[in-house]
Amino acid sequence: MSRILITSALPYINGIKHLGNLVGSQLPADAYARFMRARGNDVMFICATDEHGTPAELAAAKAGIPVAEFCADMWQVQKDIADGFRLSFDYFGRSSSQRNRDLTQHLAGKLADNGLIEEVSEKQVYSNADGRYLPDRYIEGTCPNCGFENARGDQCENCTKQLNPTDLINPRSAISGSTDLEVRETKHLYLRQSTMRDRLDAWIDSQQGWPILTTSIAKKWLHDGDGLRDRGITRDLDWGVPVKRGTEEWPGMEGKVFYVWFDAPIEYIAATAEWADANGLDDAAWESWWRTDKGAEDVHYVQFMGKDNVPFHTLSFPATLMGSDEPWKMVDFIKSYNWLTYEGGKFSTSQGRGIFMNQALEVMPSDYWRWWLLSNAPESSDSDFTWESFQGGVNKDLADVLGNFVSRVTKFCRSKFGEVVPEGGEYGKFEEATTATIKYLLEGDEERLGYFKLMESIEIRKAAHVLRGIWVAGNEYLQIAAPWSMYKKDPDAAAATVRYALNLIRLYAVLSEPFIPDASAKILKAMNVTDTSWPDDLEAAMEVLPAGHAFEVPEVLFAKITDDRRVELEEQFAGQG
RNA sequence: GGGCCUGUAGCUCAGUUGGUUAGAGCAGAGCGCUCAUAACGCUUUUGUCGUAGGUUCAAGUCCUACCGGGCCUACCA
């Protein structure tokens, strides 16, 4: 048994995420967590909402409620949706928790003690009308390069030239449109990442088998231009973790908060502490996952995220932990994902293009989404969602190959033997061959990785394809064994075939659980079995349901998506953007 | 501008460290089965592996250039 710590990138609080966000972190992390638990490992799967920063403040203002209240509401909304997708977090925390405040302030204090924090005086644009400092991208104006009138303060979207807010002609606030802006001098804390460049570089070099997407992004930041740059970790905002040096005030930093990207990854740790608190456990419980001096030295830690998050997880957060000079558990594997596109274009929150998580659950069951998204996860490059592909994948894989297999076996059994595992006959060469085929698909060989290895190495998409192959093996078996014709001349032989096939159904429920937990549960319930033990011994697994065991024919597991329905959905979702 | 990824059958994609006749699913065609959600199984058509060069006994696999698609580029998270 291993101890496996899994974190999924924190969804930002300002709105409901779309399917691209889901497939890029939470969903594959969940499949991995479920798989690892099923194999008997001790798993800690952590996620939380990322609640600080300007967008949260603005979203709250737009909703006309205090930001703390807004975040509390949105946390519940996101939690409910996560539950709807059956995301099996051991704890879903909040980055605004007291635990995170304490830990963020503590780590900042340690970094300062170790000479890794620098105060920098800089000029920031302040909007009098809005009563706040504006991040670069919240300032708009005319691009000095191409004349585009809606250029943003960080970059002109029209000519892609990078800008400073002060470059803009006729700058205005993107929030209020006010032109009453002024440049103010303000002090901020910078994390001296540059001094840790070689350590970070060596640390990344020492990692084995990370996705090329992960390492190439990290290397680029480490070596591009002058190398890794220091980064401001504070902001002039109201909403966030107040800047403190440990538990002490930080002179000159009054009224400022830490930058979200400083406190958000720390929430992985803090959320584990929240988990301990929520379960009435002491600090030792969460520290055994995070402190290598308190039991975490044998923990295997895996992070999941979209590619946009890679720099923070390969550089800033490791720099924070390393720089504290305390024995924090560092990540062992960073799984990063490309983007999911929608009907050939981008998912867009601002334009309402694509499918959001709440809408998805309103129109289709979560298993359908889980299966399509995981079997098409953007692991090697971007993947495109189309309703046609979704319909095809769900209908062929789930309804025809798996669902219909369960249906044909249980219904045949009911009509010939009743709703009970039939006795008589013995397993023979067909069963032996099928078991061998499935064993190969599970374990693989030197040339081809099997389901187990693919899941362990987080090749989710490939694992899904192999899993499908295991379902197909059941249909192939039935075709060869043909119990419907065998029944006429040798009912005992047919009974043995049905008994084997019923055991296949249970096996499929166990193996498929990481991908389609609802269907898996439905199957197990119908088969009247609670034994979900992992089939380390496949021969034994084919005997779990003994002759005489009662079961029920389940309802149709996966209703097909009709062409009419697909067209309806295409139209419903095309109308928005 | 710089960096990274990517371009393989009509579609979506696999193709390990270069090695015999390039694979899978879907779609198409044929056959079989009739237990089943008109489901399942078997067989089968299609490829100058983006283009042009190069290295090699041998390249989809390595190198160079070019063309196409995507992403990142540090104050949105």
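A, B, ... follow the sequence lines: proteins, then strands. Residue 1 opens every chain.
- If you check every strand for non-hydrogen atoms under 4.0 Å, A/Pro483 touches nothing.
- As judged by a 4.0 angstrom heavy-atom cut-off over every strand, A/Leu10 is placed among residues making no nucleic acid contact.
- At the phosphate of B/A77, neither OP1 nor OP2 sits under 4.0 Å from any side-chain N or O atom of A/Arg235.
- As judged by a 4.0 angstrom heavy-atom cut-off over every strand, A/Val406 is placed among residues making no nucleic acid contact.
- Pairing of B/C31, defined by two Watson-Crick or G-U wobble distances under 3.5 Å, is identified with B/G41.
- Among the protein residues, A/Asp384 comes within range of no part of the nucleic acid, since none of its heavy atoms lies under 4.0 Å from any strand.
- In summary, the side chains of A/Lys256 and A/Thr186 do present a donor paired with an acceptor at a separation below 3.5 Å, with no hydrogens or angles considered.
- Residue order along RNA chain B, read from the 5' end via each residue's closest nucleotide, puts A/Ser415 first among A/Ser415 and A/His52.
- Contact detail for A/Leu191 and A/Ser316: the closest heavy-atom pair is CD2-O, 4.2 Å.
- Comparing B/G41, B/C75, B/C26 by their closest approach to the side chain of A/Asp136 singles out B/C75.
- Contact of A/Glu476 with B/C40 (side chain to base): no donor-acceptor pair of N or O atoms is detected under 3.5 Å.
- The two residues A/Gly306 and A/Trp339 make their nearest non-hydrogen contact at CA-CZ3, 4.5 Å.
- Counting non-hydrogen atoms under 4.0 angstrom, A/Glu122 reaches a base of the nucleic acid.
- More than 12 heavy atoms of other residues, nucleotides or ligands shown are found within 6.0 angstrom of CD on A/Glu122.
- Here the C1' atom of nucleotide B/U37 and the CD atom of A/Glu555 are 13 Å apart, to the nearest Å.
- Distance CD1 (A/Ile480) to P (B/C42): 8 Å, rounded to an integer number of Å.
- Salt bridge absent: A/Asp367 and A/Lys522 never bring a charged side-chain N and a carboxylate O closer than 4.0 Å.
- Taking every side-chain heavy atom of A/Asp400 into account, B/C40 is the closest of B/A77, B/C40, B/U34.
- Taking atom CD1 on A/Ile16 and atom C1' on B/A77, their separation rounds to 17 Å, with Å as the unit.
- For the OP1/OP2 pair of B/A77 and a distance below 4.0 Å, the side-chain nitrogens and oxygens of A/Tyr259 include at least one atom meeting the criterion.
- Taking only side-chain nitrogens and oxygens, A/Lys307 never comes nearer than 4.0 Å to OP1 or OP2 of B/G70.
- Closest approach of A/Leu181 and A/Ser127 over heavy atoms only: CD2-CB, 3.6 Å.
- A/Asn376 places its CG atom 12 Å from the P atom of B/U12, with the value rounded to the nearest Å.
- If you measure from atom CD1 of A/Ile175 to atom C1' of B/C76, you get 12 Å, rounded to the nearest angstrom.
- The base of B/A74 is not paired with the side chain of A/Trp221 by any donor and acceptor separated by under 3.5 Å.
- At the heavy-atom level, A/Glu388 lies nowhere under 4.0 Å from the strands shown.
- Looking at heavy-atom distances under 4.0 Å, A/Phe558 makes contact with a base.
- A/Thr314 and A/Ile204 get closest at one heavy-atom pair: O-CD1, 3.9 Å.
- Residue contacts for A/Phe405: at a heavy-atom cut-off of 4.0 Å it reaches no nucleic acid atom on any strand shown.
- Here the separation of B/A9 from B/G47, taken at their C1' atoms, is 5 Å to the nearest Å.
- Among the atoms of the strands shown, base atoms are found under 4.0 Å from some heavy atom of A/Gly403.
- A close approach under 4.0 Å does occur between a side-chain nitrogen or oxygen of A/Lys462 and OP1 or OP2 of B/G15.
- Rounded to a whole Å, the CZ atom of A/Phe312 is 8 Å from the P atom of B/A77.
- Heavy atoms of A/Ser389 sit nowhere under 4.0 angstrom from any nucleic acid atom.
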### Task
Show the numbers, then the answer: is there a ring-ring contact (aromatic ring centres under 6.0 Å, His included) between A/His313 and A/Phe304?
CA-CA 10 Å; A/His313 289 80; A/Phe304 288 79; over 10 Å; no

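- Considering only side-chain N and O atoms, A/Arg231 lies under 4.0 angstrom from the phosphate OP1 or OP2 of B/C75.
- With a cut-off of 3.5 Å on both pairing distances, the Watson-Crick or G-U wobble partner of B/C66 is B/G50.
- Distances shown here put a side-chain N or O of A/Lys411 below 4.0 Å from the OP1 or OP2 atom of B/U37.
- Rounded to whole Å, the distance from CG on A/Asp397 to P on B/G25 is 11 Å.
- Across all strands shown, A/Val260 has heavy atoms under 4.0 Å from sugar-phosphate atoms exclusively, and none from any base.
- Nearest heavy atoms, A/Ser95 versus A/Asn100: O-ND2, 2.8 Å.
- Within 4.0 Å of A/Gly474, counting heavy atoms only, lies no atom of the nucleic acid at all.
- Remark: the A/Arg408 side chain and the B/A39 base include no donor-acceptor N/O pair separated by less than 3.5 Å.
- Residue ring and nucleobase are not stacked for A/Phe412 and B/C35 under a centre distance beneath 5.5 angstrom and an angle between planes beneath 30°.
- Side chain of A/Lys220, nearest nucleotide from B/C26, B/G2, B/C75: B/G2.
- Residue contacts for A/Tyr133: at a heavy-atom cut-off of 4.0 Å it reaches no nucleic acid atom on any strand shown.
- Both distances falling under 3.5 Å, in either a Watson-Crick or a G-U wobble arrangement, place B/G25 opposite B/C11.
- Partner assigned to B/G1 is B/U73, using Watson-Crick or G-U wobble distances below 3.5 angstrom.
- Counting non-hydrogen atoms under 4.0 angstrom, A/Trp339 reaches the backbone sugars and phosphates but no base.
- Donor-acceptor pairing under 3.5 Å, judged by distance alone, is present between the side chain of A/Asn404 and the base of B/A36.
- Listed candidates were B/C40, B/A39, B/C76. Nearest to the side chain of A/Lys560 is B/A39.
- A straight line from CG of A/Asp263 to P of B/A77 spans 10 Å, rounded to a whole angstrom.
- When the nucleotides B/C40, B/C5, B/C75 are ranked by their closest atom to the side chain of A/Gln479, B/C40 comes out on top.
- Comparing A/Leu228 and A/Leu213, the nucleotide of RNA chain B nearest to each residue sits closer to the 5' end for A/Leu213.
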